Amino acid sequence: MTETAAALRTVAHNVRAARVRAGLSLEELGRRAQVSKGALVGLEKAQGNPNLATLVRLADTLGISVSALMQGPSEGRVRVVASDDVAPLWTGEQGGEARLVLTTTGPAPVEVWRWRLEPGEEYPSHPHQAGVVETVSVTAGRMTLVVDGVEHTVEAGQTATFDGDAPHAYRGASAETCTLIMTVHLPPDPR
């Protein structure tokens, strides 16, 4: 519980700092990100339990990565992260999960995710800001990638890439568990 509270405090600090840097009021950020003002007030007070969709909408609106909302101060030149040390940001009804392992720094950050989708399990994603590119590399099983309503089968050993500014979804499409590595390439920060 202490680890969860610390993570929430970090998110609260980072959301508020990014909002202030962007010159946005709580009302304006809420309107743009489609998050209620009350939820934002609670979040900035380190209260509540924001879900992955909320964090993605906030990050997209603020022009930063999801992990930039979640990470504390830099730890040095090399950062090694075990995916099991990172709490899942999404958990499916059949036990699938998504873990944001890390985000690179620099003018065009890249998020690295580890996903596990159980057979038939699906995660629908809202469109991201223009310029976001996603890449999925299936390491076991098979998935259906749905981009703008069109389904694409991606099997173990295959990689797919697409512009993330369209509605998209990921679905486990084989009898066994589908595992994949996803990278989310964010556009350069215009600041």
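Values below: all heavy atoms of this structure, side chains included; hydrogens, waters and symmetry mates excluded. A quick note: this is a predicted structure, and the numbers were derived from the prediction, not measured.
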Going through the checks in order, is the side-chain contact (heavy atoms from CB on, under 4.5 Å) test met by L89 and R99?
CA-CA 6 Å; L89 289 179; R99 295 174 190 253; over 6 Å; no
Do [X] and [Y] come close enough that some side-chain heavy atom pair is under 4.5 Å?
X: L145; Y: F162; value: yes
X: E44; Y: L40; value: no
X: V136; Y: T159; value: no
X: V132; Y: D165; value: no
X: E151; Y: R171; value: yes
X: V133; Y: T161; value: yes
X: H152; Y: V150; value: yes

Could you walk me through whether L180 and L117 satisfy the side-chain contact (heavy atoms from CB on, under 4.5 Å) test, starting with their C-alpha distance in whole Å, then the side-chain angles of each, then the deciding distance to 0.1 Å, before giving a yes or no?
CA-CA 8 Å; L180 61 113; L117 295 166; 4.1 Å; yes
Does E28 come within less than 4.0 Å of R32, counting only side-chain N to carboxylate O?
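Yes.
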Between E97 and R114, does any NZ, NE, NH1 or NH2 come within less than 4.0 Å of an OD or OE carboxylate oxygen?
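No salt bridge links R114 with E97.
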Mind checking what makes side-chain contact (heavy atoms from CB on, under 4.5 Å) contact with [X], not counting sequence neighbours?
X: P119; result: none
X: A140; result: T179
X: S174; result: R142, E176

For the residue pair [X] and [Y], what are the closest heavy atoms and their distance?
X: P187; Y: A130; answer: CG-O, 3.7 Å
X: P167; Y: P127; answer: N-CG, 3.6 Å
X: A53; Y: Y123; answer: N-OH, 4.2 Å

I181/V112 under side-chain contact (heavy atoms from CB on, under 4.5 Å): CA gap, chis, key distance, verdict
CA-CA 7 Å; I181 304 295; V112 179; 4.3 Å; yes
If I take atom [atom1] from residue [X] and atom [atom2] from residue [Y], how far apart are they, to the nearest 0.5 angstrom?
X: C178; Y: E155; atom1: SG; atom2: CD; value: 10.0 Å
X: M143; Y: Q158; atom1: CE; atom2: CD; value: 11.0 Å
X: Q94; Y: T177; atom1: CD; atom2: OG1; value: 10.0 Å
X: N51; Y: W90; atom1: CG; atom2: CH2; value: 12.5 Å
X: L26; Y: R31; atom1: CG; atom2: CZ; value: 14.0 Å
X: L43; Y: T54; atom1: CG; atom2: OG1; value: 8.5 Å

Using the rule given for side chain to side chain donor-acceptor pair (under 3.5 Å), can you reason through E134 versus H128, listing the C-alpha separation, both sets of side-chain angles and the distance that settles it, and then say yes or no?
CA-CA 10 Å; E134 292 194 21; H128 302 294; 2.8 Å; yes
Check for a donor-acceptor pair, side chain of [X] on one end and backbone N or O of [Y] on the other, with a separation under 3.5 Å.
X: R19; Y: L24; answer: yes
X: T144; Y: T153; answer: no
X: T61; Y: R57; answer: yes

Would you call the rings of H168 and Y170 parallel, tilted or perpendicular, taking 30° and 60° as the class edges?
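Aromatic pair H168/Y170 classed perpendicular.
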Using side-chain contact (heavy atoms from CB on, under 4.5 Å), reason through L29 and L62 one step at a time and then give a plain yes or no.
CA-CA 8 Å; L29 176 58; L62 293 166; 3.9 Å; yes
Flag yes if more than 12 heavy atoms outside E93 fall under 6.0 Å of its CD atom; otherwise flag no.
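Open: at most 12 neighbouring heavy atoms sit under 6.0 Å from CD of E93.
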